[in-house]
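A short worksheet on the structure shown next.
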Amino acid sequence: MLNVLYFARLRDALGRDAERIELPAGVADVGGLLDWLRQRGDVWAAELAPGRSVRAAVNQDMARPDTPLRDGDEVAFFPPVTGG
Amino acid sequence: MLNVLYFARLRDALGRDAERIELPAGVADVGGLLDWLRQRGDVWAAELAPGRSVRAAVNQDMARPDTPLRDGDEVAFFPPVTGG
Amino acid sequence: MNAPTAPRPLAQGATTIRVQTEDFDVGAEIAALRAGNAKIGAVATFIGVCRDLNDGSDVSEMELEHYPGMTEKALGGIAAEARDRWDLFDILVIHRVGRILPTEQIVLVVVTSAHRGESFHACEFLMDYLKTRAPFWKKERTPEGARWVDARASDDAAADRWR
Amino acid sequence: MNAPTAPRPLAQGATTIRVQTEDFDVGAEIAALRAGNAKIGAVATFIGVCRDLNDGSDVSEMELEHYPGMTEKALGGIAAEARDRWDLFDILVIHRVGRILPTEQIVLVVVTSAHRGESFHACEFLMDYLKTRAPFWKKERTPEGARWVDARASDDAAADRWR
């Protein structure tokens, strides 16, 4: 299982702050998980579209599309950060 | 008359913090006044020697050897500043 | 990983990271860092404050969200990078989360060192990286409604200066 | 020189220069600058502190001399240059003179602005110029006797960065 978290504008738009997802067949990295989530359509396709500046973290480190995923990982998606 | 001030290490070495000097004949600028002061010899020649990094101000603005002098000016000599 | 060694002569100072809802007292935080270390010659400080205006709209309040766990980890990593680059004594980072009103303090970064260049550079580096790599998100309440603040290209450019 | 105009919308803020023997309260000074200006988003602060060690010798105390009149004029000129370069609200410079002991504060520079880059840069600029252009001189008391502190080439290099 993956523990998937959503923050800020993404959480508001997707209507959830977390979900548990069985690592889908054929998904090996962050980019693959994003593709899989987009196939849910509607807001998922819109909010996670390639042009939308979605950032990701795996196990609380910033990640890239080719960052590999393993069962048990904590994966987070969020907009570019705006603290400070 | 010039009002001539000395600060910090220069004041200690020269044994005075101020003096009034009648603008000497032929002295037109800060460099000229320095040459004139060096002719006093002893510590004056040593402390104001060209290699000693003496700084000058005229009327409380940083000055250079070619800064002109006029009767009534306040002229200050001091080592490079070390505040902060 | 290393064998035990004698204490380093200049090894005073520590990194402190706090993410909190409460406000902070700048004077007291600086005094606490400086206490007892007579080797400190320079203290560089930055305070980020909530403004009542942003991108042309009045802001009546701000809500700061973070990613508990990752935020602290990211700030600790940024501080470790600063220590790799400069010879520092203390690093203190306090970042508030939750509801913040205009004129209230948002973030405090304090860096101490022997000489001023190092604390200045480290303090600015920490702020630039914090702005682009630490998971915080701002939501502003304005007369037009609540809105998530967009990331600024200028912040990315500021962080890229240190690469 | 210009004809009278309407008040500038962002014209809050002032330049304050103080040369004094007394210590200063950093928290109180920052709070006083920020009071009532909800446009401030950034506060950059530098504190210079007397160390107990310099150039390899123990320092038991320091005596700071200045050139009354010219010092204030030079600091005012440095602050005006900073305002020409960056869009700032407040500039505060406090520099102590007289006898100062290790761990005591020597100088405080605080700059406020809307965005962080401007206050950071102005604060560092002010310190670099103050170190090379404001008439202050330090004399240290060490076990080897009292000595005037020599100017540092690194301070000239730091000031030259801004040319």
Shortest non-hydrogen contact between A:Gly83 and C:Leu130, atoms and distance: C-CD2, 4.4 Å
Interatomic spacing from CE in A:Met62 to OG1 in C:Thr132 - rounded to 0.5 Å: 8.5 Å
Given the rule in the side chain to side chain contact (heavy atoms under 4.5 Å, CB included) test, do A:Asp12 and C:Lys139 qualify, once you have shown the distances and angles that lead to the verdict? CA-CA 11 Å; A:Asp12 287 356; C:Lys139 191 179 209 170; 3.0 Å; yes
Do C:Phe136 and A:Thr82 have side chains that get closer than 4.5 Å, going by heavy atoms? no
Within a 6.0 Å radius of atom CG on A:Asp42, are there more than 12 heavy atoms belonging to other residues, nucleotides or ligands? no
Given that the side chain runs from C-beta out, which part of C:Lys73 has a heavy atom under 4.5 Å from chain A: side chain, backbone, both or neither? side chain
The test is side chain to side chain contact (heavy atoms under 4.5 Å, CB included); show your working for C:Glu65 and A:Arg11 and say whether it passes. CA-CA 11 Å; C:Glu65 178 177 338; A:Arg11 182 201 50 235; 2.5 Å; yes
Of the listed residues (A:Ala76, A:Pro80, A:Gly84), which shares the most heavy-atom pairs with chain C below a 4.5 Å separation? A:Gly84
Is it the case that more than 12 heavy atoms not belonging to C:Arg99 sit under 6.0 Å from its CZ atom? no
Is the count of non-hydrogen atoms from other residues, nucleotides or ligands lying under 6.0 Å from C:Arg141 atom CZ greater than 12? no
Heavy-atom proximity to chain A below 4.5 Å, by part of C:Asp155: neither
The test is salt bridge (Lys or Arg N to Asp or Glu O under 4.0 Å); show your working for C:Arg133 and A:Asp61 and say whether it passes. CA-CA 10 Å; C:Arg133 284 177 32 185; A:Asp61 282 321; over 6 Å; no
Side chains of C:Met70 and A:Leu5, heavy atoms from C-beta outward: is any pair under 4.5 Å? no
Please state whether the rings of C:Trp137 and A:Phe7 are parallel, tilted or perpendicular, taking 30° and 60° as the class boundaries. parallel
In this structure, are over 12 heavy atoms from other groups packed under 6.0 Å from C:Arg85 atom CZ? yes
Between C:Ala74 and chain A, with a heavy-atom cut-off of 4.5 Å, which part of the residue counts as in contact: side chain, backbone, both or neither? neither
